[in-house]
Amino acid sequence: MEDLFADQYPATASKNLFADIILPVPIPRWFTYSVGPDIQDHIGIGYRVMVQFGKKKILTGIVAKVHQKAPEVYQAKPILDLLDDFPVVNALQIKFWSWMASYYCCHMGEVMNAALPSGLKLSTESRVQLHPDFDFDNPGFPMDERELLLLETLGKNEEMNVEQFDQLLPGKTSHKIIKSLLGKGAILVYESVKEKYSPKTEQRVRLASKYTGEDSLLQSLFEALKGKEKQEAVLLKYLQQVDVFRDSGKNTEGLPKKVLTDQGCSASSIDTLIKKGVLDAFKVLISRFDSVPMTEREFTLSPPQAAALEDIHRHFEEKNTVLLQGITGSGKTEIYAQLIREVLQSGSQVLMLLPEIALTTHLVNRMQQIFGDKMGVFHSKYSDNERVEVWQGVLKGRYNFIIGVRSSVFLPFDSLGLVIVDEEHESSYKQYDPAPRFHARDAAIMLSWMHQAKTLLGTATPAFESYFNAQNGKYGFVKLDQRYGNAELPHFRLADILQDKKKNLLKLDFTRLMREKIQETLNRQEQVLIFQNRRGYAPYLSCDECGWIPQCEHCDVSLTYHQYQEELRCHYCGFKEKVPVSCQACGSQKITTIGTGTERIEESLSLLFPEARIARMDLDTTRSKYGYQRILDNFGAGNVDILVGTQMITKGLDFDKVSLVGIVDADRILFYPDFRAGERAFQQITQVAGRAGRRDKIGEVIIQTRRPDQLIFKQIISGDYADFYRLEMAERKQFFYPPFVKNIKIVVKHKDFKTSEIAAKKLKNLLTDIPAKKIVLGPEKSIIGKIKNLYLFEIWIKLDRSGNVQQFFKQQLMGRIAELQADKRFRAVRFLVDVDPY
DNA sequence: AGCACGCCGACT
DNA sequence: GTCGGCGTGCTC
């Protein structure tokens with residue numbers, strides 16, 4: 001029969017639609033699913049969908065493409081569900097993800113994993129419950145002990161997941177038992193969605209609408225409450241704060257229950273009023289972030305700042321990226337703020353990247369005072385719920401300015417006008433594990449370009465790559481070399497460790513000069529920062545008799561001694577063990593510590609300056625969410641005289657009372673076996689020195705070294721970055737180091753030494769054959785030959801800088817790795833590709 | 001990556 | 001015999 005209503009159906013109804021879905025799995029492919037007629041009109045790029053992947057797993061995927069091309073070799077599974085009414089990811093982001101996957105040689109799924117807060121990635125877990133027909137007294141089959149235990153536990157709980165069973169039963173046996181019980185019809189197994197994001201709510205009350213009409217009703221209500229003083233009081237408190245008659249909207253908003261209880265109303269009398277129908281109780285969704293008022297509306301730029309801003313504008317007219325080199329204390333913040341304000345006024349969004357640690361400091365507070373609620377903060381220690389809220393905030397336009405860590409490049413911006421990367425030289429912008437191994441500065445520049453926005457890189461000590469681009473005109477370059485308010489640069493002194501040692505003046509790792517300076521500072525009641533870039537008490541223990549050194553069982557490194565916990569720890573895999581009482585090789589009890597970490601420095605200082613209050617800031621003391629904050633607040637409040645720390649203390653700290661900075665062992669930074677050692681030393685020492693002295697006070701910096709003759713010290717002291725750069729670059733050019741070439745590092749990992757080595761050699765040969773301008777080095781055993789029981793080999797590639805060569809080579813590289821992995825000998829070998837490694 | 005299937009050793 | 005090890009193949 002003819003369909004009389006055919007013309008009333010949506011035009012798409014008859015189409016066979018398919019969608020290519022990005023799934024959070026490390027498989028270099030998109031997956032094509034079919035789009036059912038019910039969602040055909042709603043689906044689009046960037047929507048989240050639920051799909052079945054494999055036999056039972058259900059995953060959240062992102063739609064990358066919608067098309068009508070049916071897959072030829074397999075039957076597409078249907079999309080189970082469309083999760084949103086609007087796309088959570090925009091087309092620009094998909095493009096950005098795709099650039100990142102290809103530039104950093106990883107898969108879209110890995111990028112998606114890094115990009116989406118896990119609160120937006122729903123997945124399922126297998127849950128188990130008793131079969132409704134199952135009868136304990138009459139099971140119908142013989143049961144063994146473990147089955148009985150499992151069924152009994154299940155009888156007590158409504159449902160359980162597989163992990164709970166794993167805890168219940170020793171080993172990995174639960175899986176088998178669940179399977180057999182399922183076969184016997186005793187239990188049911190099903191997949192259920194783990195909902196991760198839950199919005200925060202607030203309990204509120206308002207006056208029931210029947211009383212809001214006329215005064216008289218309220219009068220009679222008070223009559224009725226006569227004698228019930230507490231209830232009367234609640235009602236009065238409420239009416240005091242909400243003018244029910246003048247402004248009925250106010251009553252609709254109601255009052256948080258907490259506000260009333262804070263004012264002395266008892267929860268029970270409020271509840272009684274709710275039960276009587278006098279008050280309505282209701283819940284509202286609230287933000288996890290406190291509202292911050294704008295308190296700083298005006299700030300003025302000094303003449304050098306204004307000039308720098310002008311320069312930046314001028315460069316932006318023809319260049320997308322500008323490098324702003326401003327020495328510590330030169331007042332980059334105000335320049336940023338002014339630029340941000342301009343861009344926000346034009347209606348575009350702004351992203352400002354900061355290294356993790358700098359996010360806890362006054363810069364963020366300052367920005368918050370200037371920009372108030374328009375600004376969102378994205379910190380790596382945020383909970384997942386908080387992350388989802390920032391994401392939604394950007395999506396829905398609540399925030400148009402985000403200040404955040406490297407992963408904030410993934411937030412769903414749709415109209416960026418400006419990206420600022422502060423402390424752009426920071427190596428923590430590079431993610432190493434897991435993939436995508438991206439550099440947030442470089443990714444931000446690309447993101448900015450995709451938005452046709454401008455990028456400003458700010459630092460006192462530019463990364464060579466950035467300075468190089470500024471020198472050759474790719475970036476605009478602006479320099480700001482006057483300290484704000486003309487504060488003077490700190491005075492540097494070198495302290496010769498070997499000289500003091502010879503004269504027996506070195507006490508507990510401190511030279512005489514350093515000790516005297518610390519004492520003077522303490523006497524003036526000012527604060528000291530001591531920098532030692534190694535955590536723990538001592539890098540290792542050693543037997544006095546035979547030289548035995550405790551090693552990690554899983555890695556090719558010695559164990560670090562942590563005195564505070566009385567244990568030995570591996571900094572590579574986290575392995576821990578108790579400190580041995582005697583040498584495991586010869587039995588001698590004479591075991592001594594070698595080398596110096598922050599814990600030991602802290603101890604030495606307390607011996608040398610018993611009256612000083614000392615604190616330590618390193619990975620071990622700042623693990624908790626507010627760990628940094630607590631230590632910094634304490635230091636800022638003047639409760640600490642000496643703060644010892646690793647590179648964490650090199651940034652963000654801005655305290656007026658710090659007048660001395662001590663570097664315990666500059667050689668450790670300087671003689672690191674890496675071509676960037678010099679660059680890093682210059683940056684780190686300059687950074688930490690910048691903490692000394694502010695405003696009217698001239699700070700002092702003491703650098704302890706065994707090689708005071710090193711040229712780099714002269715350059716650091718005079719602040720001559722350009723000269724340092726020039727000399728260092730000559731060397732980089734000669735030996736083909738970045739920025740003259742592009743580096744790609746490949747780490748080959750396998751549990752068997754030989755297999756790892758052979759795979760690495762084969763790969764090297766395959767890579768050498770690729771027709772591109774490059775040098776392939778290695779494979780060489782990694783500096784740490786074994787980590788977590790896997791043997792590591794490294795291949796380094798120095799690649800021509802041109803974009804075409806890079807793209808071609810990376811494509812080939814991925815192909816060759818796939819080729820090698822097809823060989824079943826190398827199936828379990830992992831190949832980590834790290835583009836632009838640090 | 002996970003997960004299922006299948007083929008082999010060491011215990012009742 | 002069977003329980004449980006992990007090598008191998010696959011995911012739209």
Side-chain angles (χ1 to χ4, degrees), chain A residues 16-36 39 43 48-81 101 105-114 116 118 121-128 142-147 150 161-163 165-166 169-183 189-191 194 433-437 749-752 755 759 788-790 814 817-818 820-833:
Chain A
N16 257 339
L17 266 199
F18 296 92
D20 292 342
I21 309 293
I22 306 164
L23 291 173
V25 287
I27 303 167
R29 231 173 310 157
W30 289 352
F31 294 87
T32 307
Y33 285 81
S34 66
V35 180
I39 53 171
I43 201 166
R48 290 186 308 159
V49 290
M50 293 271 262
V51 292
Q52 186 174 57
F53 185 69
K55 286 225 161 94
K56 55 181 203 173
K57 202 84 198 146
I58 291 172
L59 298 173
T60 307
I62 296 282
V63 177
K65 198 177 165 188
V66 181
H67 58 85
Q68 296 178 57
K69 204 169 149 275
E72 283 160 23
V73 282
Y74 55 86
Q75 181 66 45
K77 285 184 184 171
I79 289 172
L80 299 176
D81 210 354
C105 297
C106 66
H107 315 309
M108 278 290 257
E110 290 171 313
V111 180
M112 172 186 167
N113 245 340
L116 276 191
S118 48
K121 282 178 287 187
L122 307 175
S123 67
T124 57
E125 57 179 3
S126 302
R127 301 192 72 88
V128 183
M143 262 189 275
D144 70 14
E145 267 176 56
R146 287 177 301 180
E147 287 174 330
L150 200 146
N161 62 32
V162 179
E163 286 107 76
F165 287 120
D166 282 337
L169 299 165
K172 289 181 193 160
T173 58
S174 56
H175 202 248
K176 276 257 155 83
I177 298 168
I178 289 169
K179 219 174 148 184
S180 95
L181 286 172
L182 184 67
V189 177
Y190 61 99
E191 293 292 303
K194 287 187 277 189
D433 218 29
R437 299 180 174 81
K749 295 185 179 190
H750 191 263
K751 63 178 171 20
D752 178 56
T755 310
K788 294 180 191 169
N789 287 322
L790 298 174
M814 294 314 272
I817 288 177
L820 206 52
Q821 293 230 280
D823 186 333
K824 56 187 169 186
R825 276 184 301 168
F826 304 130
R827 163 173 300 279
V829 179
R830 312 288 330 135
F831 297 93
L832 307 188
V833 181

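Computed over heavy atoms, backbone and side chain alike; hydrogens, waters and symmetry mates excluded. Below, chain A is the first sequence line, B the second, and so on; all start at residue 1.
When heavy atoms are screened at a 4.0 angstrom cut-off, A:Y33 is found touching the sugar-phosphate backbone but no base atom. In this structure, A:R825 reaches neither bases nor backbone, as no heavy-atom distance under 4.0 Å exists between it and the strands shown.
Nucleotide C:dG7 holds its P atom 16 Å from the CZ atom of A:F826, rounded to whole Å. At whole-Å resolution of the value, NZ in A:K751 and P in C:dC6 are 9 Å apart. Rounding to whole angstrom units, CG of residue A:D433 and P of B:dA1 are separated by 11 Å. In this structure, A:Q52 atom CD and B:dC3 atom P are separated by 13 Å, rounded to whole Å. Separating the OH atom of A:Y74 from the C1' atom of C:dT11 is a distance of 10 Å, rounded to the nearest angstrom. When rounded to the nearest whole Å, the span between CD of A:E110 and C1' of B:dA1 equals 9 Å. If you measure from atom CG of A:L832 to atom P of B:dA1, you get 9 Å, rounded to the nearest angstrom. Rounded to a whole Å, the CG atom of A:L59 is 10 Å from the P atom of B:dG2.
When the nucleotides B:dA1, C:dT11, C:dT8 are ranked by their closest atom to the side chain of A:R830, B:dA1 comes out on top. Nearest nucleotide to the side chain of A:K824, out of B:dC3, C:dT8, C:dC12: C:dT8. Here C:dC12 is the nucleotide among C:dC12, B:dC3, C:dG7 with the atom lying nearest to any side-chain atom of A:K77.
Rounding to the nearest 0.5 angstrom, the gap separating the CD1 atom in A:I62 from the CE atom in A:M108 is 10.0 Å. Atoms NZ and OG1, on A:K65 and A:T32 in that order, are 9.0 Å from each other to the nearest 0.5 Å. Atom CD of A:Q52 is separated from atom CD1 of A:I58 by 6.0 Å, given to the nearest 0.5 angstrom. To the nearest 0.5 Å, atom CZ of residue A:R48 and atom CG of residue A:D81 are 10.5 Å apart.
Using a 4.0 Å cut-off, some side-chain N or O of A:R827 falls inside it from OP1 or OP2 of C:dG9.
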(request) Assign a letter to each nucleotide of nucleotides 4-9 of chain B from its 5' end: B, base within under 4.0 Å of a protein heavy atom; S, sugar-phosphate only; -, no contact. (result) SS----
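A:D823 has no carboxylate O lying under 4.0 Å from a charged side-chain N of A:R827, or vice versa, which leaves the two without a salt bridge.
No option in A:I21, A:L80, A:V25 other than A:V25 meets the side chain to side chain contact (heavy atoms under 4.5 Å, CB included) test with A:L59.
Ring orientation note: the planes of A:F18 and A:H67 are close to parallel, at an angle under 30° on the 30°/60° scale.
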